[in-house]
Visitor: 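Structure below; questions to follow.
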Amino acid sequence: MTDRQAFPKRGSDWPALEAEMAAMSGGDIDWRGGRTPLFVFDGDDGAREVGRRAFMNYFDQNALGGKRAFFGLKRMEDEIVEMGLDLFRAPMGAAGNLTTGGSESIFLAVKACRDWARARGGMTEPFNIVAPFSAHPAFNKAGDVMDIAVHRLATGADGRADATALAAATDGQTMMLVGSAPCFPHGVVDPIAELGELAAERDIWLHVDACVGGYLAPFFQRIGRPVPEFDFAIPGVRSLTADLHKFGFCPKPASTVFYRRAEDHDRGVFQFEDWPHGPFATATLSGTRAGGAVAAAWAVLRHLGEDGYVRVARDLAAMTDAYVAGITAIDGLHLWAQPDLTIINFGAHAFDIFAVAERLEQKGWLPGLTRSPKGLHAMLSMYHEPAREQYLADLAEAVARVRETGGTSQLQARY
Ligand SMILES: Cc1ncc(COP(=O)(O)O)c(C=O)c1O
């Protein structure tokens with residue numbers, strides 16, 4: 001191998017490193033300018049700055065040692081969980097913990113559910129999970145590791161889970177039903193109340209994946225937007241995941257997993273003692289965890305508070321409405337689903353929407369694509385407000401051009 005980076009012989013000082021790193025990132029998509037439709041989130045300048053400062057103050061602490069050394073971090077972590085339980089209307093006796101992201105939170109809920117299914121008996125292994133087609137791949141990732149099949153069922157015409165189809169797909173091996181609030185592809189909340197009834201009736205575990213929208217949906221509800229109920233107020237909801245590092249506007253990596261019953265939380269905890277140090281227990285897949293992320297999440301939640309999240313929710317709702325109005329005003333474009341929060345998915349019948357995406361790409365936009373239905377996709381946060389007029393102008397131009405030339409595209413949808 002000739003082109004492999006050699007381990008550095010001599011160290012470098014910060015100014016040189018900083019310049020080199022800036023050069024490495026110089027060709028990135030202009031994400032701060034709102035040109036990426038996923039990956040990054042912004043609420044407001046204050047939250048970003050508070051998160052950054054808190055993160056830096058605790059950047060070298062390790063949340064793994066919260067119980068034995070970093071008592072401040074442990075206290076912050078406990079308080080974050082309590083704030084989440086309150087927000088998601090969990091009954092007393094409910095429990096949860098912080099994780100490094102939605103995938104880890106989902107993994108832990110699936111593990112807890114699997115251990116419950118084993119303890120409950122009456123279900124045959126291998127277990128399965130029944131989910132709408134729109135559910136996040138993290139369920140398959142967890143299933144892959146734990147040998148649990150995931151049966152995905154087509155969503156309804158409105159992009160939401162089809163509860164009747166999910167009911168028909170459950171069998172004697174089904175341990176978990178999944179609903180999203182909202183799902184990532186179409187931005188709509190699944191009929192959680194219906195799924196809750198089904199879960200209760202069949203004694204199946206209902207998991208609500210509120211990773212993307214959990215920390216925003218309650219505030220959209222508070223400002224009068226018709227976001228369907230999705231949390232522990234629905235009796236059948238047994239666990240719920242919600243990411244702080246998405247619409248909680250906290251720095252990455254930070255997510256939460258909650259359980260209606262503390263005993264279910266215990267099932268997510270890994271315990272071991274057959275090694276020289278004796279008892280070892282973690283509620284996460286990760287061992288060492290960034291202290292900065294815990295401190296930053298605590299600080300951002302406290303900095304914004306309910307009134308701050310409501311204010312950001314108002315800004316986001318107004319911006320999403322403006323995007324939707326602009327998009328649907330372009331002849332030939334239509335929404336694939338009516339967004340419950342800020343995720344939009346739209347397409348076209350008369351021309352190739354991926355050809356439109358290709359033109360947008362040429363103009364420096366990273367297009368988000370869905371394959372079924374074939375469409376453009378964007379998860380809007382406040383990074384996207386300054387870019388709105390330019391995006392809509394470029395979109396209109398791209399549509400006009402594709403209609404004129406009848407162009408098609410070889411672009412493939414991918415995450
Ligand atoms: C609905 C949903 N669930 C789970 C995840 C996984 O989250 P993470 O990327 O933090 O692991 C995402 C990520 O976008 C998501 O949108």
Side-chain angles (χ1 to χ4, degrees), residues 31 36-42 51 80 84 88 96-111 113 129 131-145 150 152 155 159-161 176-192 195 206-217 220 227-228 230-231 237 239-258 268 284-286 289-290 293-294 296-297 300 316 337 339-345 366 368-370 377-381 383 413-415:
W31 55 272
T36 64
L38 72 173
F39 304 133
V40 284
F41 302 83
D42 188 41
I80 293 168
F88 299 121
N97 63 272
L98 251 77
T99 73
T100 55
S103 301
E104 187 181 11
S105 293
I106 288 170
F107 186 97
L108 293 168
V110 171
K111 178 197 173 318
C113 174
I129 295 173
F133 184 56
S134 55
H136 193 271
F139 292 95
N140 289 73
K141 193 185 263 191
D144 204 42
V145 177
V150 181
R152 290 173 173 265
T155 49
R160 301 178 203 273
M176 179 183 267
L177 274 177
V178 172
S180 307
C183 66
F184 183 72
H186 318 306
V188 291
V189 176
D190 288 329
I192 306 298
L195 298 182
L206 173 60
H207 178 78
V208 174
D209 176 10
C211 281
V212 67
Y215 284 97
L216 184 60
F220 261 51
V227 179
F230 66 95
D231 64 13
V237 175
S239 58
L240 183 150
T241 45
D243 293 353
L244 292 155
H245 64 198
K246 293 193 172 88
F247 287 97
F249 309 114
C250 302
K252 298 170 223 2
S255 169
T256 42
V257 54
F258 302 106
T284 50
L285 269 184
S286 340
R289 285 182 299 125
V294 175
V300 170
L316 284 169
D340 280 327
L341 297 171
T342 71
I343 295 178
I344 50 177
N345 182 207
L366 175 70
L369 303 173
T370 51
H377 179 271
M379 180 166 57
L380 303 169
S381 77
Y383 280 132
R414 71 186 166 107
Y415 183 75

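Just follow the structure's listing: the first ligand is 1, and inside any ligand the first atom is 1.
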Visitor: Give me the nearest non-hydrogen protein atom to atom 2 (C) of ligand 1 as residue plus atom name, then the distance to 0.1 Å.
Guide: D209 OD2, 3.4 Å
Visitor: At a 4.0 Å threshold, what atoms of ligand 1 neighbour a non-hydrogen atom of H245?
Guide: 10 (O)
Visitor: Could you check whether the rings of H136 and Y415 sit parallel, tilted or perpendicular, using 30° and 60° as the cut-offs?
Guide: perpendicular
Visitor: Roughly how far, to the nearest 0.5 Å, is the OG1 atom of T100 from the NZ atom of K252?
Guide: 13.0 Å
Visitor: If we ignore hydrogens and angles and just use 3.5 Å, is the side chain of S180 paired with the main-chain N or O of P182 as donor and acceptor?
Guide: no
Visitor: Between L38 and ligand 1, which part of the residue brings a heavy atom under 4.0 Å of the ligand: side chain, backbone, both or neither?
Guide: neither
Visitor: Can you tell me if T241 has a non-hydrogen atom under 4.0 Å from ligand 1?
Guide: no
Visitor: Does V189 offer a backbone N or O that forms a donor-acceptor pair with the side chain of R160 under 3.5 Å?
Guide: yes
Visitor: For ligand 1 and E104, I'd like to know whether there is a polar contact (N/O to N/O, distance under 3.5 Å).
Guide: no
Visitor: Going by heavy atoms, is K246 under 4.0 Å from ligand 1?
Guide: yes
Visitor: Against ligand 1, does F39 come closer than 4.0 Å with any heavy atom?
Guide: no
Visitor: If we ignore angles and hydrogens, is there a donor and acceptor under 3.5 Å between the side chains of S105 and S255?
Guide: yes
Visitor: Which one holds for A138 and ligand 1: side chain close, backbone close, both close, or neither close, with close meaning a heavy atom under 4.0 Å?
Guide: neither
Visitor: List every atom of ligand 1 that sits less than 4.0 Å from any heavy atom of D243, numbering the atoms from 1 in the order shown and giving each element.
Guide: 7 (O), 10 (O)
Visitor: Atoms of ligand 1 less than 4.0 Å from V212 heavy atoms?
Guide: 1 (C), 16 (O)
Visitor: What atoms of ligand 1 come closer than 4.0 angstrom to any heavy atom of S103?
Guide: 6 (C), 7 (O), 8 (P), 11 (O)
Visitor: Considering the heavy atoms of Y415, write down every atom of ligand 1 situated less than 4.0 Å from one of them.
Guide: 14 (O)
Visitor: What do you reckon, is OH of Y383 surrounded by more than 12 foreign heavy atoms closer than 6.0 Å?
Guide: yes
Visitor: Report, in ascending order of atom number, the atoms of ligand 1 lying under 4.0 Å from any heavy atom of G101.
Guide: 10 (O)
Visitor: For ligand 1, which atoms have a heavy atom of F184 less than 4.0 angstrom away?
Guide: 16 (O)
Visitor: Indicate yes or no for a side-chain donor-acceptor contact from S103 to the backbone of A138 under 3.5 Å, with no hydrogens or angles considered.
Guide: no
